[in-house]
Amino acid sequence: MTAFDIVDEEAILSGRATDAYFDRTETTLRHAGKNPHVVAEVTADQFPDGGFELLAGLKDAAHLLEGHAVDVDAVPEGRLFDGGPVMRIEGPYLEFGRLETSLLGFLSHASGIATAALETRRAAPDSQVLSFGARHVHPSMAAMVERSALLGGFDGFSHVAAGDVLGREAGGTMPHALLIAFGRGNQEQAWLAFDEAVDEDVPRIALCDTYSDEKDEVVRAVEALGDRLSGVRLDTTSSRRGDFRHICREVRWELEARGKDDVDIFVSGGLGPADLRRLRDVVDGFGVGGYVSNADPVDFALDIVEIEGEPAAKRGKLSGVKEVYRTADGGHHVGLRGREAPADAESLLEPLLRDGELVAEDAFDLDSAAERAVEDAALTGFG
Ligand SMILES: O=P(O)(O)OC[C@H]1C[C@H](OP(=O)(O)OP(=O)(O)O)[C@H](O)[C@@H]1O
Ligand SMILES: [Zn+2]
């Protein structure tokens with residue numbers, strides 16, 4: 001009996017984490033002595049439609065398929081795609097059929113979150129942007145959320161245990177609960193206690209919107225912490241937000257009027273790309289939660305497109321093994337394998353597994369994938 005309703009790693013790796021009809025399929029095919037050699041492709045849209053999305057979740061998908069007698073090619077994590085396959089699996093169907101549910105789950109959810117993160121990143125390219133959305137998702141998914149946010153170009157994240165998984169330090173400021181615990185009117189005591197108690201290397205960023213006006217609390221934080229204050233966070237609740245940009249400019253003015261030009265202003269609370277575009281010139285950083293963590297998964301499907309070398313796609317899908325290309329003008333092209341590639345085009349599908357063995361060693365380095373994402377976004381005009 002587990003403490004929480006969580007499907008564990010063993011169930012995922014063993015293929016137990018599957019839809020029941022794959023159990024039935026396996027039983028039926030084995031009964032009929034069938035296990036055809038197929039090529040299956042993971043695709044969201046059949047044809048490019050100008051809507052780019054960012055691929056994420058490939059590391060987990062690769063580890064799921066490792067050890068199964070299949071050859072896999074995939075678009076690297078951090079590349080944008082717009083139609084056609086992001087992954088191609090070739091081998092006996094029963095080697096991977098039941099893994100479809102988890103495979104698509106790994107890719108769909110992470111890619112949706114990473115795409116929203118990249119949109120957010122592109123809205124404020126020079127600002128610090130942190131992922132604060134772990135609170136909106138099931139805790140078992142926190143590491144996936146934070147990794148996808150980093151892959152989309154975020155500078156950091158808040159979830160501590162996700163940091164343990166990713167080997168990175170979580171960051172953050174202080175919640176309203178801390179201010180409330182010291183009682184109305186005692187904000188200075190809360191800020192000072194934080195300064196006394198918390199590790200020296202944690203920036204002293206005072207939350208300044210709990211009981212009174214943001215400007216008032218910022219001035220009080222300056223008076224209380226002096227040179228120890230490195231920043232303020234405005235998480236102004238929507239019922240008081242009004243002209244948030246004006247509030248931020250006013251706070252900036254009051255800081256400068258007190259010689260505190262070096263005190264950073266961070267904002268959070270219901271922010272999305274449009275807010276970041278509106279505020280990026282008046283604040284230093286953002287905490288973004290729900291816009292990224294609650295992003296819709298990318299609607300990937302896994303389809304058999306060739307069986308024993310013959311075209312075999314179902315209605316609505318395209319038969320035959322395909323290649324996908326990034327064209328020199330930042331476009332995306334889908335073509336049949338073996339046909340002539342567009343001029344000046346780069347093929348995106350790269351070897352990932354050969355006979356179940358991982359062949360793309362550095363495929364999952366997060367920093368290089370995040371760099372790829374920002375570069376590909378510029379090339380494609382994403383976001
Ligand atoms: O709105 P999102 O984009 O998801 O951002 C999540 C922010 C907003 C939230 O404020 P509160 O709900 O006031 O929580 P707290 O009192 O802990 O600051 C908390 O500060 C998170 O950092
Ligand atoms: Zn808050």
Side-chain angles (χ1 to χ4, degrees), residues 109 112-124 127-139 141-150 152-163 169-184 186-187 189-191 193-194 197-198 202-214 217-218 221 230-242 244-245 247-248 251 264-280 283-296 383:
H109 205 170
I113 290 171
T115 302
L118 186 59
E119 279 174 50
T120 308
R121 172 76 279 166
R122 294 269 291 165
S127 306
Q128 188 185 37
V129 186
L130 301 180
S131 167
F132 278 6
R135 63 179 51 210
H136 298 299
V137 301
H138 190 288
M141 295 195 296
M144 179 275 289
V145 170
E146 306 294 41
R147 185 178 190 278
S148 302
L150 292 173
F154 271 41
D155 301 293
F157 56 89
S158 63
H159 198 276
V160 176
E169 194 78 22
T173 60
M174 58 180 70
H176 288 108
L178 173 64
L179 281 300
I180 295 166
F182 278 79
R184 177 186 297 274
N186 297 329
Q187 287 89 311
Q189 289 177 35
W191 297 323
F194 181 96
V198 170
V202 174
R204 269 60 180 150
I205 297 172
L207 180 60
C208 293
D209 69 5
T210 307
Y211 285 119
S212 75
D213 172 78
E214 290 74 10
E217 291 205 8
V218 165
S230 72
V232 293
R233 176 163 80 101
L234 310 179
D235 185 63
T236 308
T237 185
S238 53
S239 64
R240 301 296 198 280
R241 196 155 275 195
F244 199 32
R245 178 180 163 82
I247 293 172
C248 295
V251 164
D264 289 332
I265 300 175
F266 292 94
V267 292
S268 60
L271 301 177
D275 304 299
L276 271 67
R277 275 188 284 276
R278 207 169 24 254
L279 297 167
R280 63 192 180 192
V283 303
D284 302 281
F286 300 91
V288 176
Y291 185 82
V292 171
S293 63
N294 301 353
D296 290 339

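Keep in mind that the numbers below use all heavy atoms, side chains included, and drop hydrogens, waters and symmetry copies. When a ligand or atom number is given, it counts from 1 through the structure's own listing order.
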*Asks:* Which of the numbered atoms in ligand 1 are below 4.0 angstrom from a heavy atom of P175?
*Replies:*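 Within the 4.0 Å cut-off of P175, ligand 1 contributes 17 (O).
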*Asks:* D235 and side chain to side chain contact (heavy atoms under 4.5 Å, CB included): which partner among V267, D209, L271?
*Replies:*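 Exactly one candidate clears the test, D209.
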*Asks:* Could you give the distance from CD1 (I113) to OG (S293), rounded to the nearest 0.5 Å?
*Replies:*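 These two atoms lie 7.0 Å from each other.
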*Asks:* Purely on distance, is any nitrogen or oxygen of D235 under 3.5 Å from one on ligand 1?
*Replies:*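 By distance alone, the answer is yes.
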*Asks:* Nearest heavy atom to atom 16 (O) of ligand 1: which of R135, R233, H176 does it belong to?
*Replies:*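 That would be H176.
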*Asks:* Please could you name the atoms of ligand 1 that F132 approaches to less than 4.0 Å, counting only its heavy atoms?
*Replies:*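 So the atoms of ligand 1 that pass are 22 (O).
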*Asks:* Just by modelled atom types, is the R278 backbone N or O under 3.5 Å from a matching donor or acceptor in the R245 side chain?
*Replies:*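 Yes: the side chain of R245 pairs with the backbone of R278.
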*Asks:* Are any of the N or O atoms of G289 closer than 3.5 Å to those of ligand 1?
*Replies:*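 Yes, G289 has an N/O under 3.5 Å of an N/O on ligand 1.
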*Asks:* Between E217 and Q187 (side chain of the first, backbone of the second, donor and acceptor by atom type, cut-off under 3.5 Å), is there such a pair?
*Replies:*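 No.
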*Asks:* Any N/O of G270 closer than 3.5 Å to an N/O of ligand 1?
*Replies:*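 Yes.
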*Asks:* Looking at ligand 1, would M174 count as a contact under a 4.0 Å heavy-atom criterion?
*Replies:*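 Per 4.0 Å heavy-atom rule, M174 does not contact ligand 1.
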*Asks:* As an exercise, state the distance from CD1 of I247 to CD of E214, rounded to the nearest 0.5 Å.
*Replies:*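 Result: 4.5 Å between the selected atoms.
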*Asks:* Please check: side-chain N/O of D155 versus main-chain N/O of V129, any donor-acceptor pairing under 3.5 Å?
*Replies:*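 Checked: pair present.
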*Asks:* So if I count the atoms of ligand 1 from 1 in the order they appear, which ones are less than 4.0 Å from some heavy atom of G290?
*Replies:*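 Contacts of ligand 1 toward G290, numbered from 1: 2 (P), 3 (O), 4 (O).
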